[in-house]
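First up is the structure itself, then whatever we jot down about it.
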Amino acid sequence: MTAMGPNWLARVAAAPHARAAGVGLLALAGVVQAFAWAAVYSPGSGKANNAVLFSLLALAATVPLILLRPTTAAIAITAANVLAIVVFGLTTVTGMAAQVIAVCQLGAMAHPGQVRRPGAAGGAGEQYLAMALGVPFLILALGSGGEVSAVLLASLVPAAAGTGIALRARREADVQTTASEALSETLTEHMARGERARIARELHDVVAHHISMIAVQAETARLTTQGLPAAGAQRFTEIGDTARAGLTEMRRLLGVLREDAEATVADRHPQPGLPQLAELIDTAREASGAGTRLIVSGPVTEFDPGVELAAYRITQEALTNARRHAPGAAVDVELRYADDALRLRIRDNGPGPSAAFAASAASAASAASAASAASAAEAAGSEPPGHGLLGMRERALAVGGSLRTGPAPGGGFCVEAVLPAKREIT
């Protein structure tokens, strides 16, 4: 037993035929006790008959543990023990042990939450039956002079039923605790994925936007500043290279953050909104040196903060893409206010999506203006293809809106978004 380790008893009990073997030994011990009692206390003429009858009752008080369902087994064992006490004035020790085991099993079938709800189904009947099985032994103990077997069983049966109910309550509590822990872990993981998605959007929309502007402005300053010393030009080049290296590292970080962010969540407390669009457009105009207009139509009204944040971020990304893929192109930002929705349209007059990187391909043979465009395209290439459009689409969908991108009629590229007046929570 020592070689089997500290849990040898649990391992033996879990063996395939351990239950049948245990009940068989219990029944055999009951038969031996019955014959021994008959040999000592039974009258000489009836020894054989009493031994056979008592041994049969001993078998009836133990074998049902493995042959019948718990409810039927408990009733059968109770009947056998009651009959033995009535006929012989006692029952076997194994019969009392089997009685305690059967009642404990019956009590364990009762749901702990039903102890205080008599009308509840699914286990309450077994619970009350387990308690009631002690009544016959109590009656026998009070009405027949207080036989030892009847008194013991009248005391042990309710205790065994309570023990079974307590065991079931403990199991239920363990299951509920495990389920609560699993739910808590799932919620924590879901919140972490949503937070990673939010951080990825903010990094792309804000940080990458400003770093891209640094690279573009450094390259533009190097090419347009008259009489710039060689050392100054070198400094501007280093600034642009550093910005592009930072964008490359950010691209890797965004890939990690988006890797397992399966769902997106809308920001609950957005900071920028439609009132900040004018400042955003002024900054984009200064950075690109091209014409950028804000066109507003319809009665200006206040929208849900989440909707205004989405409109701001979509406009910011669209302006960055225009500066990236169509340097020098004019951009129109149109806001159309309606009662039920905000319609946003950003259009440039550049070469369109099919020629987005044409300037970059011809940079080696072009003049200073073409070199500036190539540097702008290179700086803007910090994100994997499609992340900018994906971020805009996520922004629109997060507030219940829609977004369409593609070639604009007559040339250029167009981004159109329809955002509801209020954020739609799905």
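Hydrogens, waters and symmetry mates are skipped; everything else that's a heavy atom, side chains included, is used.
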Enclosure of Asp339 CG (heavy-atom neighbours >12, cutoff 6.0 Å):
no

Backbone N/O of Cys414 and side chain of Arg347: donor-acceptor pair under 3.5 Å:
no

My understanding is that only residues two or more places apart in sequence, or in another chain, count here; which of them pass salt bridge (Lys or Arg N to Asp or Glu O under 4.0 Å) with Glu308?
none

Any side-chain heavy atom of Phe413 sitting closer than 4.5 Å to one from Asn321?
no

Rounded to the nearest 0.5 Å, what separation is found between the CZ atom of Arg345 and the OG1 atom of Thr315?
13.0 Å

Run the salt-bridge test on Glu172 and Arg168 with the 4.0 Å N-O cut-off and return the result as yes or no.
yes

For Met191 and Thr188: C-alpha separation, side-chain torsions, deciding distance, then whether side chain to side chain contact (heavy atoms under 4.5 Å, CB included) applies.
CA-CA 5 Å; Met191 292 176 63; Thr188 301; 5.8 Å; no

Applying the side chain to side chain contact (heavy atoms under 4.5 Å, CB included) criterion to Leu344, which one of Val333, Val418, Val415 satisfies it?
Val333

For a quick test of reading the model, state the closest non-hydrogen atom pair linking Gln33 to Val93 and the distance between them.
OE1-N, 2.9 Å

Could you check whether any side-chain heavy atom of Phe88 comes within less than 4.5 Å of a side-chain heavy atom of Leu57, counting everything from C-beta outward?
yes

Interatomic spacing from CD in Gln105 to OG1 in Thr71 - rounded to 0.5 Å:
10.0 Å

When rounded to the nearest 0.5 angstrom, what is the spacing between CG in Leu294 and CD1 in Ile346?
10.5 Å

Of the non-hydrogen atoms in Ala102 and Ala74, which two are nearest, and what is the gap between them?
CB-CA, 3.9 Å

Salt bridge (Lys or Arg N to Asp or Glu O under 4.0 Å) filter on Glu302, not counting sequence neighbours, yields none

State, yes or no, whether a side-chain contact exists between Val148 and Leu90 at a heavy-atom distance under 4.5 Å.
no

Between Leu280 and Leu277, does the side chain to side chain contact (heavy atoms under 4.5 Å, CB included) criterion hold? Intermediate values first, please.
CA-CA 5 Å; Leu280 175 66; Leu277 273 183; 4.1 Å; yes

Backbone of Ala182 reached by a side-chain donor or acceptor of Thr186 within 3.5 Å
yes

State the CZ-CG distance between Phe236 and Asp241, to the nearest 0.5 angstrom.
13.5 Å

How long is the straight-line distance from CG of Leu397 back to CG of Leu419, given to the nearest 0.5 Å?
10.0 Å

dist Leu59:CG -> Leu26:CG (nearest 0.5 Å) comes out at 10.5 Å

Out of the candidates Thr62, Asn81, Thr94, only one should pair with Gln99 under the side-chain hydrogen bond (donor to acceptor under 3.5 Å, both in side chains) rule; please name it.
Asn81

Test of understanding: with side chain to side chain contact (heavy atoms under 4.5 Å, CB included), list the residues that count as partners of Arg336, not counting sequence neighbours.
Ser297, Glu334, Arg343

Note, Leu274 side chain near Tyr337 side chain (heavy atom, < 4.5 Å)
yes

I'd like to know whether Ile77 forms a side chain to side chain contact (heavy atoms under 4.5 Å, CB included) with Ile101, so could you lay out the CA-CA distance, the side-chain angles of the two residues, the decisive distance to 0.1 Å, and finally the verdict.
CA-CA 10 Å; Ile77 292 172; Ile101 294 173; over 6 Å; no

Identify the heavy atoms of Val307 and Ala421 that sit nearest to each other, and give their distance.
CG2-O, 4.1 Å

For Ile66 and Ala20, which heavy atoms make the closest approach, and how far apart are they?
CG2-CA, 4.1 Å

Minimal non-hydrogen separation, Thr91 against Met96, with atom names:
CG2-CG, 3.6 Å

Taking the side chain as everything from C-beta on, heavy atoms only, tell me whether His190 gets closer than 4.5 Å to Leu187.
no

Note, Arg395 side chain near Leu403 side chain (heavy atom, < 4.5 Å):
no

Side-chain contact, heavy-atom cut-off 4.5 Å: Val87 with Phe54?
no

Heavy-atom distance under 4.5 Å between the side chains of Ile295 and Leu335, does that happen here?
no

May I ask you to say whether Asp174 pairs ionically with Arg171, meaning some side-chain N is under 4.0 Å from a carboxylate O?
no

Which atom pair, heavy atoms only, marks the closest approach of Gln276 to Gly273?
OE1-N, 2.7 Å

